[in-house]
Every structure is written in C-alpha cells, then in structure tokens.
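Before any comments, here is the structure.
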Amino acid sequence: MLQVAYIREHKEDVIARLAKRNIDASQMIDDVLALDEDRRALQTQLDNTLAESNSLSKEIGNLFKSGKAAEANVLKEKTSQLKEDSKGLSEALNEKADALNELLYKIPNVPNTIVPSGNTDEDNEEVYREGDIPKLHSDALPHWELAKKYDIIDFELGNKITGAGFPVYKGKGARLQRALIAYFLDKNTEAGYTEVQLPHLVNEASGFGTGQLPDKEGQMYHVTGDNLYLIPTAEVPATNLFRNDLLSESDLPKAITGYTPCFRREAGSYGAHVRGLNRLHQFDKVEILRIEHPNRSYDALTEMVEHVKGILKELKLPYRILRLCGGDLGFTSALTYDFEVFSTAQDRWLEISSVSNFENFQANRLKLRFKNSDGKTELCHTLNGSSLALPRVLAGILENYQTEDGIQIPEVLIPYTGFEKI
RNA sequence: GGAGAAAUGGCAGAGUGGUCGAAUGCGGCAGUCUUGAAAACUGUUGAGGGUCACACCUCCGGGGGUUCGAAUCCCUCUUUCUCCGCCA
C-alpha cells in the first residue's frame with residue numbers, strides 16, 4: 001500500500017499518475033488525507049490523556065509509599081474519568097485507523113512515468129522482439145492435440161481425479177516438465193539467485209502481506225479446517241520470508257529463486273484461450289525475487305528482464321516483451337514487463353513471464369525496511385518475475401518444435417531430459 | 001493426539017506489581033592508543049506514532065482481562081522444547 005506521508009507530499013502527482021490506470025483517485029486521496037488528519041488528532045488527544053493518567057499513577061504510588069493513603073484515594077478517583085476518556089478515544093482512534101487502512105488497501109500502486117496509458121492489452125507497448133517464427137509443416141497441431149498424439153499430457157485423467165484445469169503429465173511429458181524446472185533453477189542460481197524450497201500453503205498474515213487478502217480472497221484455494229491458503233504464486237511465501245524485517249544496507253540486495261506449483265481458482269474465459277495448457281488451476285512456475293535498495297531497483301528490473309531474455313534465447317523460442325499499460329498493470333506494480341512466446345500452431349502470443357518492480361508498495365505493507373547509510377529506516381523495494389511459468393513454455397516448445405516425425409527437444413534441455421525427441 | 005516447560009532488544013540472558021524501554025555479556029558503530037591492525041580503554045547502539053525540533057504516547061510472542069499502576073498476575077491463541085503415542 002501507499003505511504004500516507006508520500007500521498008500528503010505528492011498529492012497531485014499521485015492522482016495524475018493513478019489516472020493512467022483509468023481511475024479518478026482524487027476523492028479517495030482526499031478521504032485518505034482527511035482520515036489521516038483525524039487519526040493524528042485523536043492520537044494526540046489519547047496520548048495526552050494517557051500521559052496525565054501515567055503521571056497520576058506515579059503520584060499515587062509515591063503517596064502510598066509515604067503512607068498517605070487518603071490522598072492517594074482521592075487521586076484514584078480522578079484516574080477513573082481519565083480511564084474512561086482514554087477508552088473512548090482509543091476506540092475512536094482504532095476506528096479511524098481501520099477506515100484509513102481499508103481505504104489504503106483499495107488504492108493501487110502509482111505507475112511509473114514511462115507506463116503507457118491505456119485500457120486493455122491492446123494498449124500495451126511492445127518494446128522488444130526476438131527469434132524467428134518457425135515455418136511448420138502443413139498439418140501442424142496445437143499442443144493439446146500433440147499431447148494426445150504422443151500421450152504426454154492427459155487432461156481427461158486430471159478431470160477424473162480432480163477436475164478441469166488439473167492435467168496429468170505422463171512419460172516424456174512429465175520428464176520434460178521436470179527438465180524445464182531443473183534448467184530454469186540452474187540458470188537462476190548461476191545468475192546469483194539463491195534457491196529456496198517454500199511451503200505451498202500460507203497463513204492469513206502472509207496473504208495480507210503480499211496483498212492477496214483481503215480483496216482477492218476468491219482467487220485462492222482456502223483450506224478451511226486450518227485456515228490456510230494454497231499459494232497462487234511463489235511470490236507469496238517468498239516475499240513473506242522478509243515480512244517485518246529490518247535489514248542493514250549491506251544485506252541488500254537479496255535475490256532468491258524457487259520452484260512451486262501455483263493454485264488459482266479464477267475461472268478464466270472460454271474456448272481456445274483456456275484450451276489445453278493455456279489456463280490451469282494448478283501449474284508450475286519458477287520464480288525470481290529481489291529485495292533492493294530503492295536507488296537500484298530499476299537497474300535490478302533491467303537485469304531481471306535481461307536474464308529472462310537470455311533463457312528464451314537459449315530455448316530458441318520466438319518472443320516479444322511488452323511494457324504493460326496502466327489499465328493492464330497489476331494492482332501492486334509500478335512497472336511491469338510481460339514476456340510472450342509466439343505459438344505458431346495456435347497463431348497467437350502466450351504470456352510466459354511477468355517481471356515487475358513494486359517499488360515500496362509491497363514493502364510498506366510487509367514492513368520490510370533497511371537502515372540506510374544515515375542510520376535512518378527506509379522501505380526496501382521489491383521485485384519479482386517468472387523465470388519461467390511452465391505450461392505455456394511447454395506449449396510453446398511442443399508447438400514450435402514439432403516436426404513430421406516427432407517433437408524435437410531444444411538443445412539446452414537435452415542434458416536434462418536425456419532424450420532428443422518425443 | 002496426550003502430559004509438562006518456555007517465549008524479553010541483532011544474539012545470549014537477568015528481571016514476579018510502581019524506581020523497567022528493560023541489568024549484564026557478546027556483537028555493531030564512533031573515538032583514544034598504534035606505521036596499520038589486533039588487544040585494551042572510553043562513549044554510543046531497539047522499533048513505531050507524534051513534533052519544525054523537543055515534550056509526550058505505544059510496544060517485553062499475538063489477542064483479551066485484573067489493577068490507580070503489568071515484562072511481572074489471570075484467560076486465550078500461536079510457536080518452540082522435553083517426555084509419551086502415531087508415522088513417511
């Protein structure tokens with residue numbers, strides 16, 4: 001969430017930049033500032049009341065010690081009024097503070113100045129393109145047909161044991177999936193990311209920390225018996241690793257990578273867009289995450305983008321990079337680059353990675369801070385990205401690497417798969 | 001799952017109703033000494049709110065309660081440890 005102090009000092013700029021998301025935030029911002037003013041006024045009143053009551057208590061203690069019980073009892077009566085006052089004040093204060101927080105939770109991050117304005121994915125700005133789109137033979141198939149033909153992914157079996165959106169990978173399909181995970185993790189650790197294995201269920205506090213709660217509750221699977229949530233992305237447990245941390249400047253940057261399955265309830269649309277691997281309730285993803293000094297976070301974003309580019313280049317998949325427009329930008333992000341692989345057989349682009357700088361938006365809610373060189377406490381910047389999301393990479397490989405007599409395995413993956421062709 | 005014990009500052013660890021935001025040690029930072037370093041010595045060193053700055057307020061695992069007053073007493077939740085049971 002945004003910092004109130006920042007809103008106070010940059011009110012017009014905040015409103016102007018939020019307009020890129022096609023929202024008029026002026027009313028919300030005014031409300032925030034009004035609530036904050038009320039909150040501070042109540043805080044001052046409460047503090048004064050408590051201060052008075054504290055000093056009376058001290059006096060009472062001293063009177064009792066010197067045997068002046070009668071005088072002490074007189075003072076005691078005085079404190080009861082103060083007690084009632086402070087009770088009322090603190091209730092009023094909590095109410096204001098809750099209202100303020102609730103409102104702040106609803107305001108998305110302020111987009112970076114280079115974010116293009118716009119409404120839909122049509123308005124995203126293509127900033128880079130690389131790789132040749134292969135010319136496939138005339139009866140080339142989409143990946144869901146290939147999956148059936150070579151018996152490597154079984155969607156029906158998944159329906160039987162769980163439901164739609166939970167595929168079963170089989171034989172060389174399962175092995176290819178495992179190869180990709182290992183390959184991605186190796187690339188990430190080579191680039192300096194520390195590998196972690198994370199829990200796949202998180203508690204409520206973690207859901208709040210990264211902003212899935214309270215608003216996007218319906219997007220996660222909820223284990224009601226224990227009040228835990230299945231993670232929608234490794235971002236949730238990985239970022240919460242640092243919740244409530246106060247780092248020293250020399251601890252920065254932190255760079256971690258982890259593989260997890262991801263669970264998402266969202267229903268999605270229909271037809272080809274959700275066909276096969278395009279949209280699933282459970283899928284695998286390798287994530288990269290950084291905690292950075294505010295001065296360095298945009299350099300870090302560039303490094304992350306370059307890193308993902310390197311992987312796609314090695315896999316020899318045709319891809320493009322989009323700078324997301326305000327309307328398409330995630331709630332917590334200040335700047336996001338999406339990577340899309342071209343699926344030749346489907347004749348469309350498939351999103352396979354999303355790399356974002358959240359600046360201090362997540363860190364504020366997480367209370368993730370560091371001591372700067374002046375000894376002052378400052379919020380860190382957080383960034384994360386997929387490196388990479390498995391299903392669509394798999395779809396892209398199956399479709400783009402198909403030949404009349406089987407599916408070729410990209411060269412860099414052969415050491416991981418142990419076979420060259422499906 | 002059952003029985004018991006515990007949770008205090010970056011770490012270790014004292015503190016059982018007012019003099020406690022909290023002894024002491026380690027660590028960190030600054031200084032003295034030194035060609036430099038180490039050692040030794042001196043000083044300093046939690047977070048949040050609030051203020052122009054002070055004052056002041058809150059925080060001793062989380063939440064609630066008793067009391068004029070709570071790190072300290074009570075309730076509750078969570079976590080950790082020990083023992084028993086079960087188990088990949």
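Chain A is the first sequence line, chain B the second, and so forth, proteins listed ahead of strands; every chain is numbered from 1. Basis for what follows: all heavy atoms, side chains included, without hydrogens, waters or symmetry-related copies.
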Which residue lies toward the 5' end of RNA chain B, A/N62 or A/S80, if each is placed at its nearest nucleotide?
-> A/N62
Nearest-nucleotide check on RNA chain B, A/K87 vs A/T377; residue mapping nearer the 5' end is A/T377
What integer number of Å spans the [atom1] atoms of [N] and [M]?
N	M	atom1	result
B/A30	B/G21	C1'	23 Å
B/G36	B/U51	C1'	46 Å
B/A12	B/U80	P	16 Å
B/U67	B/A14	P	32 Å
B/U72	B/U8	C1'	11 Å
B/U58	B/C20	C1'	15 Å
B/C33	B/C11	P	35 Å
B/U16	B/G65	P	26 Å

Rounded to the nearest Å, what distance is computed from the [atom1] atom of residue [X] to the [atom2] atom of nucleotide [N]?
X	N	atom1	atom2	value
A/K376	B/A47	NZ	C1'	16 Å
A/D245	B/A47	CG	C1'	13 Å
A/N73	B/U67	CG	C1'	13 Å
A/E204	B/U79	CD	P	14 Å
A/N203	B/C77	CG	C1'	14 Å
A/E59	B/U19	CD	C1'	16 Å
A/R365	B/G48	CZ	C1'	19 Å
A/N244	B/A47	CG	C1'	11 Å

Please give the nucleotide sitting opposite [N] as a Watson-Crick or G-U wobble pair, both distances under 3.5 Å, or none.
N	value
B/A71	none
B/G43	B/C29
B/U66	none
B/U79	B/A6
B/U24	B/A12
B/C54	none
B/G1	B/C84
B/G36	none

Does the distance from a Lys or Arg side-chain N to an Asp or Glu carboxylate O, for A/K309 and A/E306, drop under 4.0 Å?
-> yes
Distance-minimising heavy-atom pair for [X] and [Y]:
X	Y	value
A/K20	A/T113	NZ-O, 2.6 Å
A/C380	A/A363	O-CB, 3.1 Å
A/N159	A/A164	OD1-CA, 3.2 Å

Which part of the nucleic acid, if any, lies within contact of [X], taking any heavy atom under 4.0 Å across all strands shown: a base, the sugar-phosphate backbone alone, or nothing?
X	result
A/T49	nothing
A/S57	base
A/L246	sugar-phosphate

Considering the options A/D13, A/D30, A/D36, which one meets the salt bridge (charged side-chain N to carboxylate O under 4.0 Å, His left out) requirement together with A/R8?
-> A/D36
Answer whether the closest heavy-atom distance between the side chains of A/V236 and A/T233 falls below 4.5 Å.
-> yes
Contact pattern, 5' to 3', of nucleotides 50-64 of chain B - B, S or - by protein heavy atom under 4.0 Å = SS----SSS------
Which residue pairs satisfy the side-chain hydrogen bond (donor to acceptor under 3.5 Å, both in side chains) criterion with at least one member in residues 44-58 of chain A, sequence neighbours excluded?
-> A/Q43-A/D47
Tell me, which pairs form a side-chain hydrogen bond (donor to acceptor under 3.5 Å, both in side chains) where one or both residues lie in residues 235-251 of chain A, sequence neighbours left out?
-> A/S206-A/R243, A/T210-A/N240, A/E235-A/Q362, A/E235-A/N384, A/N240-A/R243, A/S248-A/S250, A/S248-A/D251
Distance test, side-chain N/O of A/K371 to OP1/OP2 of B/G10, below 4.0 Å | no
Spacing of A/I152 atom CD1 and A/L146 atom CG [to the nearest 0.5 Å] = 7.0 Å
